[in-house]
Novice: 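Here's a structure for you.
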Amino acid sequence: MAHLFLVKDIAFQAGLSTATVDRVLNGRPGVRRQTEMRVKAAITELEKQQAGTMGSGRMLAIDIVMETPQRFSDAVRAAFEAEMATFLPGVFRCRFHFAEVMKPAELVQLLDRIRLRGTHGIVLKAPDVAEVAAAVARADAAGIPVVTLVTDLPNSARIAYAGADNRAAGETAAYLIGEFLGSDGGKVLVTLSSGRFRGEEEREIGFRRVIRACYPDVGITEISEGHGTDAATGTLAAATLAADPAINAVYSIGGGNRAVLAAFDMAKRPARVFVAHDLDADNRALLAARRIGFVLHHDLRTDARSAFRAIMSRATTLPRAVTPSLSSVEIVTPYNMPAAD
């Protein structure tokens, strides 16, 4: 397997031991096909990053760790890769660790493994639970800065949060839905991927506050723990619609929007207004087809830039830490949808 990189660099990128990488590179027996593919992907990633960073100075290698549906992790990966080239000569190399569902123990094990192996920083989207906060504290004690992404861990040792004001986003969704339904009222299906994420909880709190204060004719029914996947979210939505004929709107905090719409179709009922989050590929298609009405979007490249700057401020021992500003929330309709990157 031809390559121009040190075995340790390939191992770092692939998340494997140097011995395992050496076996793959030299075609030795006893290597699983999945492991071979990870090494090939790592080499491809290093080649792509090298093309934009040749001769650029110091390299900062960081780890992006996320529990999130693939449609969102794809958007995050694209944003971070697009921003990497803008930080010359302080160059970042990113290694991505994505899973749609992770148990807290698995996430903690991954964070501890990254800490022990070494990294210049961690960007983390994770549940706000005590064991994750403890793993962040161990990383910070080891001199590894942690930046939370799109959902915060405010009671942890993270150095910064990069993302939008989630409570304001929920309030905005309430305004859009409340104004649309008006005095006719109805009931909103609020979907969360999981109650463990602080960002989703803050969106829900903001949404409920404004509905309660300004739109008393609008009710709320919540589903959770579908983890943003179509299968689980669709099952929950179908059961809830069958039990409650008053539901006529959706505020999708946690995703799985195709499945939620399919549940409405199966029940032969329209969703009068549907507000979702993030301009991922699914939501772009649904917005263009007029299946959803509004997407609350914030620029992930802005979040990536904030995370890079916060980590760089620690890595370069600047006298004053960089505090990222919250990224702004944009209301996107079929008529003002920005072009895909």
Side-chain angles (χ1 to χ4, degrees), residues 5-6 8-13 15 42 45-66 68 73 75-98 110-126 132-133 135-154 156-165 199 298-328 341:
F5 308 102
L6 296 174
K8 67 178 183 179
D9 289 336
I10 300 171
F12 183 90
Q13 190 72 25
E45 184 70 28
L46 288 169
E47 289 171 343
K48 183 165 55 174
Q49 294 176 14
Q50 186 187 57
T53 62
M54 194 70 75
S56 59
R58 185 181 181 189
M59 177 77 72
L60 299 177
I62 67 173
D63 290 81
I64 319 296
V65 180
M66 298 175 62
T68 193
S73 63
V76 169
R77 178 190 287 268
F80 273 81
E81 289 179 342
E83 281 300 307
M84 274 192 290
T86 69
F87 275 81
L88 304 179
V91 179
F92 286 91
R93 187 177 77 201
C94 297
R95 185 173 64 175
F96 299 97
H97 312 265
F98 297 149
L110 173 59
L111 292 172
D112 284 340
R113 190 164 68 242
I114 291 168
R115 170 176 56 83
L116 293 170
R117 187 201 57 235
T119 182
H120 290 108
I122 297 172
V123 179
L124 179 63
K125 177 185 180 293
V132 172
V136 170
R138 290 191 291 273
D140 184 73
I144 297 169
V146 178
V147 177
T148 51
L149 180 71
V150 305
T151 182
D152 200 9
L153 304 174
S156 73
R158 57 91 169 128
I159 65 166
Y161 163 68
D165 183 334
H298 69 279
D299 184 17
L300 290 171
R301 287 191 60 172
T302 298
D303 297 343
R305 194 177 311 127
S306 293
F308 283 150
R309 286 173 175 167
I311 290 172
M312 183 181 289
S313 73
R314 176 72 69 88
T316 56
T317 61
L318 293 177
R320 188 171 171 215
V322 173
T323 302
S325 58
L326 296 175
S327 49
S328 59
D341 291 334

Novice: Would you call the rings of Phe80 and Phe96 parallel, tilted or perpendicular if under 30° counts as parallel and over 60° as perpendicular?
Specialist: perpendicular
Novice: Going by side chain to side chain donor-acceptor pair (under 3.5 Å), name the residues that satisfy it together with Ser73, two or more places apart in sequence or in a different chain.
Specialist: none
Novice: Looking at NZ of Lys125 and CG of Leu153, how far apart are the two atoms once the value is rounded to the nearest 0.5 Å?
Specialist: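 Going from NZ on Lys125 over to CG on Leu153, the span is 10.5 Å.
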Novice: Of the non-hydrogen atoms in Asp112 and Ala135, which two are nearest, and what is the gap between them?
Specialist: OD1-CB, 4.2 Å
Novice: Can you tell me if His120 uses its side chain to pair, donor with acceptor, with the backbone of Ala61 under 3.5 Å?
Specialist: yes
Novice: Mind checking the CG-CE spacing from Leu60 to Met312? Nearest 0.5 Å is all I need.
Specialist: 6.0 Å
Novice: To the nearest 0.5 Å, tell me how far Leu149 CG sits from Leu300 CG.
Specialist: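 Rounded to the nearest 0.5 Å, the CG-CG separation comes out at 7.0 Å.
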Novice: Of the non-hydrogen atoms in Ile114 and His97, which two are nearest, and what is the gap between them?
Specialist: CD1-NE2, 3.8 Å
Novice: Measuring from Ser328:OG to Asp165:CG, what's the distance to the nearest 0.5 Å?
Specialist: 11.0 Å
Novice: What is the minimum heavy-atom distance between Ala310 and Val147, and which atoms define it?
Specialist: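 Heavy atoms of Ala310 and Val147 come nearest at CB-CG2, 3.9 Å.
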Novice: Just one of Ile64, Val132, Asp63 clears the side-chain contact (heavy atoms from CB on, under 4.5 Å) bar with Leu124, so which one?
Specialist: Val132
Novice: Could you tell me which non-hydrogen atom of Ala139 sits nearest to which non-hydrogen atom of Ile122, and how far apart they are?
Specialist: CB-CD1, 4.5 Å
Novice: Could you measure the distance from the CG atom of Asp299 to the CD atom of Glu83? Nearest 0.5 Å is fine.
Specialist: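 Here the interatomic distance stands at 7.5 Å.
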Novice: Donor-acceptor pair, Tyr161 side chain versus Val150 backbone, under 3.5 Å?
Specialist: yes
Novice: Please name the pair of heavy atoms, one in Ala79 and one in Ala304, separated by the smallest distance, quoted to 0.1 Å.
Specialist: O-CB, 4.1 Å
Novice: Output all residues satisfying side chain to side chain donor-acceptor pair (under 3.5 Å) with Thr151, sequence neighbours left out; order by chain, then residue number.
Specialist: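 With neighbours one apart ignored, the set is empty.
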Novice: Do Thr68 and Val76 have side-chain heavy atoms sitting under 4.5 Å apart?
Specialist: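 When only atoms from C-beta onward are counted, Val76 and Thr68 do not touch, as no gap falls below 4.5 Å.
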Novice: Quick one: pull up CD1 in Ile311 and CD1 in Ile144 and give me the separation to the nearest 0.5 Å.
Specialist: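 So the gap between those two atoms works out to 10.5 Å.
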Novice: Give me the atom names and distance for the closest heavy-atom approach of Phe92 to Met84.
Specialist: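 Looking at all heavy atoms of both residues, the closest pair is O-SD, 3.2 Å.
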Novice: For His298, check side chain to side chain donor-acceptor pair (under 3.5 Å) against everything at least two apart and list the hits.
Specialist: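 Asp303.
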Novice: When you look at Arg314 and Asp140, which way does the salt bridge (Lys or Arg N to Asp or Glu O under 4.0 Å) test go after all the steps?
Specialist: CA-CA 11 Å; Arg314 176 72 69 88; Asp140 184 73; 3.8 Å; yes
